[in-house]
Novice: 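Right, I'll just put the structure down here and ask away after.
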Protein chains: 2
Amino acid sequence: MTNELTKLIQASEMLKAIAHPIRLAIVQLLENDKRMSVTAIHETLNIEQAVASHHLSILKNKGVLSVDREGKHCFYFLKHQRLAEIVVCVNKCQE
Amino acid sequence: MTNELTKLIQASEMLKAIAHPIRLAIVQLLENDKRMSVTAIHETLNIEQAVASHHLSILKNKGVLSVDREGKHCFYFLKHQRLAEIVVCVNKCQE
DNA sequence: TATAAATATCTATATATGTTAATACGATAT
DNA sequence: ATATCGTATTAACATATATAGATATTTATA
């Protein structure tokens, strides 16, 4: 497998992680260096706790988010602030 | 269904369209206002014609690409140049 | 009109992803 | 220690997507 192909696959994996309504909403929520707990996210977005946790773990595994645990709480945040730009960009492209 | 949710779904559909190695490669190929025929694309990327055509139609249907037919040839191009920025952005985010 | 070139579509199979609900785990406080 | 809160995992099922090969459609030209 060529290097170029590997890069394409990795990039598409990351995009695929973001390409979901709930996960897109999560990324938007975490713009500007915000950090939020699972509870805060599931309450803000009005989704089940298990659903939030599930999508957060997908975003974490695909390198979109990172976590810090503080006691009972897990605070998620964007690994690369730049990723929020993707959301802005794709929003501008909707006619 | 709320307006916000509809926007999220549309945005994620567009991202999902791009989130595939071959389709990402196609978008990269069409940066800077380039226009390419199906044949040129499948030869450049070393993929079957049917595969190229298939992915091009996905990108067209999801609003990523447009087509102009000129005689026998169909020339595809980015509907929003801005979309190429997404590729640049996601590439920069790979550690 | 017959043929070739360019592109699109279809079918079938495999694989991946999403959804929901239930349950388990880990940390804290009582 | 046990009850509770916050979070993660699992299982079961439905749906969507990818892949490959064969074939159809459209257009141009001999």
Side-chain angles (χ1 to χ4, degrees), chain A residues 1-2 5-6 8-27 29-30 34-77, chain B residues 1 5-6 8-27 29-30 34-77 79:
Chain A
M1 180 132 70
T2 71
L5 185 49
T6 307
L8 280 173
I9 291 172
Q10 287 175 349
S12 63
E13 287 296 306
M14 193 173 250
L15 277 180
K16 217 185 290 182
I18 305 177
H20 181 285
I22 289 179
R23 300 198 291 265
L24 213 42
I26 291 173
V27 172
L29 218 48
L30 298 176
K34 291 203 191 72
R35 295 158 38 86
M36 291 180 76
S37 69
V38 179
T39 304
I41 290 169
H42 100 248
E43 287 178 348
T44 305
L45 297 181
N46 252 293
I47 55 181
E48 296 284 321
Q49 177 276 319
V51 172
S53 176
H54 174 233
H55 289 293
L56 286 167
S57 85
I58 289 173
L59 287 169
K60 190 187 60 178
N61 294 333
K62 295 294 174 60
V64 176
L65 301 184
S66 294
V67 202
D68 275 346
R69 171 156 228 145
E70 289 178 20
K72 289 200 268 198
H73 296 264
C74 287
F75 289 93
Y76 283 86
F77 54 94
Chain B
M1 181 135 68
L5 185 49
T6 307
L8 280 173
I9 291 173
Q10 286 175 351
S12 62
E13 287 295 307
M14 193 173 251
L15 278 180
K16 217 186 289 181
I18 306 177
H20 182 285
I22 289 179
R23 301 199 290 265
L24 211 44
I26 291 173
V27 172
L29 219 47
L30 299 176
K34 290 203 193 74
R35 296 156 39 83
M36 289 179 77
S37 70
V38 179
T39 303
I41 291 169
H42 99 248
E43 288 178 348
T44 304
L45 297 182
N46 253 294
I47 56 180
E48 295 284 320
Q49 177 277 321
V51 171
S53 176
H54 174 235
H55 288 294
L56 286 167
S57 86
I58 289 173
L59 288 169
K60 189 187 62 181
N61 294 334
K62 294 295 174 58
V64 177
L65 301 184
S66 294
V67 202
D68 276 347
R69 169 156 230 146
E70 288 178 21
K72 291 198 268 198
H73 295 264
C74 286
F75 288 93
Y76 282 87
F77 54 94
K79 200 161 175 179

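Below, chain A is the first sequence line, B the second, and so on; all start at residue 1. Worth saying up front: this structure is predicted, and the values here are computed from it rather than measured.
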Novice: Take nucleotides 5-13 of chain D nucleotide by nucleotide from the 5' end and write B, S or -, depending on whether a protein heavy atom sits under 4.0 Å from the base, only from the sugar-phosphate, or from neither.
Specialist: BSBBB----

Novice: Return the set of residues passing ring-ring contact (aromatic ring centres under 6.0 Å, His included) with B/H42 (not counting sequence neighbours), or none when no residue passes.
Specialist: none

Novice: Keeping the roles fixed (side chain from B/S53, backbone from B/Q49), state whether a donor-acceptor pair exists under 3.5 Å.
Specialist: no

Novice: For residues 34-44 of chain B, which residue pairs qualify under salt bridge (charged side-chain N to carboxylate O under 4.0 Å, His left out), counting only residues two or more places apart or in two chains?
Specialist: B/R35-B/D68, B/R35-B/E70

Novice: Measure the spacing between CD1 of A/I41 and CZ of A/F75 and express it to the nearest 0.5 Å.
Specialist: 10.0 Å

Novice: Calculate, to the nearest 0.5 Å, the distance between atoms CZ and NZ belonging to A/F77 and A/K60 respectively.
Specialist: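 NZ of A/K60 is found 11.5 Å from CZ of A/F77.
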
Novice: Short of 4.0 Å, heavy atom to strand atom, which residues of residues 17-26 of chain A count as contacting DNA chain C?
Specialist: A/H20, A/R23

Novice: Could you tell me the boundaries of the chain B footprint on DNA chain C, defined by atoms under 4.0 Å from its heavy atoms?
Specialist: C/dA5 to C/dT9

Novice: Atom CD of B/E70 to atom C1' of D/dA28: distance rounded to whole Å?
Specialist: 15 Å

Novice: When rounded to the nearest 0.5 angstrom, what is the spacing between CD1 in A/I58 and CD1 in A/I18?
Specialist: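 CD1 of A/I18 is found 12.5 Å from CD1 of A/I58.
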
Novice: Apply the side chain to side chain contact (heavy atoms under 4.5 Å, CB included) test between B/V64 and each candidate in B/V27, B/L30, B/L15; give the one that qualifies.
Specialist: B/V27

Novice: Take atom NZ of B/K16 and atom C1' of D/dT17, then tell me their distance rounded to the nearest Å.
Specialist: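 That distance rounds to 9 Å.
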
Novice: B/H54: which residues meet the ring-ring contact (aromatic ring centres under 6.0 Å, His included) condition with it, sequence neighbours left out?
Specialist: none

Novice: If you define the side chain from C-beta out and look only at heavy atoms, does anything of B/H55 sit under 4.5 Å from B/V51?
Specialist: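 A side-chain contact under 4.5 Å exists here.
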
Novice: Starting at NZ of B/K62, measure out to NZ of B/K79 and round the result to the nearest 0.5 Å.
Specialist: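 Rounded to the nearest 0.5 Å, the NZ-NZ separation comes to 13.0 Å.
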
